[in-house]
Each structure stands twice: as C-alpha cells, then as structure tokens.
Participant: 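So that we are looking at the same thing, I have put the structure below in structure tokens.
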Amino acid sequence: MQPFTRRVIHIIQNIPEGYVMTYGQIAEAAGSPRGARQVVRILHSMSAAHKLPWHRVVNAKGMIALMDEESRFKQILYLSSEGVLADEEGRVDLEQHRYQPGEDFSWPDEEEH
DNA sequence: GCCATGGCTAGTA
DNA sequence: GCCATGGCTAGTA
C-alpha cells in the first residue's frame, strides 16, 4: 500500500462519531490537496476490508455523494444514529459537524502494516 | 481506466 | 453542466 493510501485510511479511521470530513479535506490532510478522487477510489474499494467509517465522508457541499439508493439510505441512517442529521436533499450541516484533525494528530508508525 | 470530486461558468428566472 | 484533476491498479509489452 502506498503512503498516500495509508494516510487516507488512517485519517478516515480517526473521524469521531458525530463528525464528517469532505473528500477534499481528507486528501489535503493526507498531503495531496487535489487528490479528492483518490479518496473516492479508496473509500469505494477499501471500506469493507479496513472497516472504515465511510458514512462520515461527504462532498464539499456537505452532500451525501452516493448515488445508489440503498447505500444512500444506509449512510443517512448511520449518520443520524450518531447525531448528524441530513435534510431532504441529503445535506448535512458542515458548520456544525465538520471534523478538523488537531495538531495532536499522529500518523501511524511505519512498521504498522 | 477507475472513481462516492471540486470549482468555475453559462444560462435561466 | 462542463471538464481538469491524480494516485493507483489491471493488464499488456
């Protein structure tokens, strides 16, 4: 696994309950400000294997980005169970729920697989 | 080639 | 609604 991929996974795993991050935010935090689509790709292909809280990731407008009805419903359900409510459009309040990793944020050790 | 983006513009109301 | 974006993988040479 490449360093960028490893960092993205680590960041997503550390989004606390009740918060969300955007694709672009995660890409930037992982060191690649224009890598939002990679974050998409990683979420799409690695969420299950790494047990990622994929539902805590939304697009830059705060919208649920999934098109599939079932996944969409599931994401809204998971979020609401954590206190993050989506409106009819599928938008959450970023002002209130956006997570910013603090300065105490630590990267995993390299030896960690 | 994939992909669950993002940011900007054209064009409508 | 258009289109530039990019790290990675699959698949070919």
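Throughout, a chain's letter reflects where its sequence line sits, starting with A, and its residues are numbered from 1.
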Participant: Counting C-beta onward and ignoring hydrogens, is there a side-chain heavy-atom pair between A:L79 and A:I64 closer than 4.5 Å?
Facilitator: yes
Participant: Along DNA chain B, 5' to 3', what are the outermost nucleotides having an atom less than 4.0 Å from a heavy atom of chain A?
Facilitator: B:dC2 to B:dG6
Participant: Determine whether A:V8 and A:M46 make a side-chain contact, defined as any pair of heavy atoms from C-beta on separated by less than 4.5 Å.
Facilitator: no
Participant: Would a 4.5 Å heavy-atom cut-off, applied to side chains only, mark A:M21 and A:P101 as touching?
Facilitator: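 Yes, their side chains come closer than 4.5 Å.
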Participant: Categorize A:T5 for me: base, sugar-phosphate, or nothing, with a 4.0 angstrom heavy-atom threshold over every strand shown.
Facilitator: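 The residue A:T5 makes sugar-phosphate contact but no base contact.
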Participant: Over all heavy atoms of both residues, which pair between A:A27 and A:F4 is shortest? Give the atoms and the distance, please.
Facilitator: O-CE1, 3.9 Å
Participant: Could you point out which residue of A:I15, A:I12, A:V57 forms a side-chain contact (heavy atoms from CB on, under 4.5 Å) with A:L52?
Facilitator: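 Of the listed options, the one satisfying the test is A:I12.
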Participant: How about A:R98 and A:T22: do any of their side-chain heavy atoms sit closer than 4.5 Å?
Facilitator: yes
Participant: Within a strict 4.5 Å, meaning less than it, do heavy atoms of the A:K51 and A:Q13 side chains meet?
Facilitator: no
Participant: Residues from residues 26-43 of chain A sitting under 4.0 Å of DNA chain C, heavy atoms only?
Facilitator: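 Within this stretch, A:S32, A:R34, A:R37, A:Q38, A:R41 sit under 4.0 Å of the strand.
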Participant: Taking side chain as C-beta onward, heavy atoms only, is A:W54 less than 4.5 Å from A:Q75?
Facilitator: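 Yes, their side chains come closer than 4.5 Å.
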Participant: Between A:M63 and A:E89, is there a side-chain heavy-atom distance shorter than 4.5 Å?
Facilitator: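 With C-beta onward as the side chain, the pair touches.
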Participant: May I ask you to test the A:L43-A:Y23 pair for a side-chain heavy-atom distance under 4.5 Å?
Facilitator: yes
Participant: In dot-bracket form, how is DNA chain B paired, counting a Watson-Crick or G-U wobble pair only if both its distances are under 3.5 Å and using | for bases paired to another strand?
Facilitator: |||.||||.....
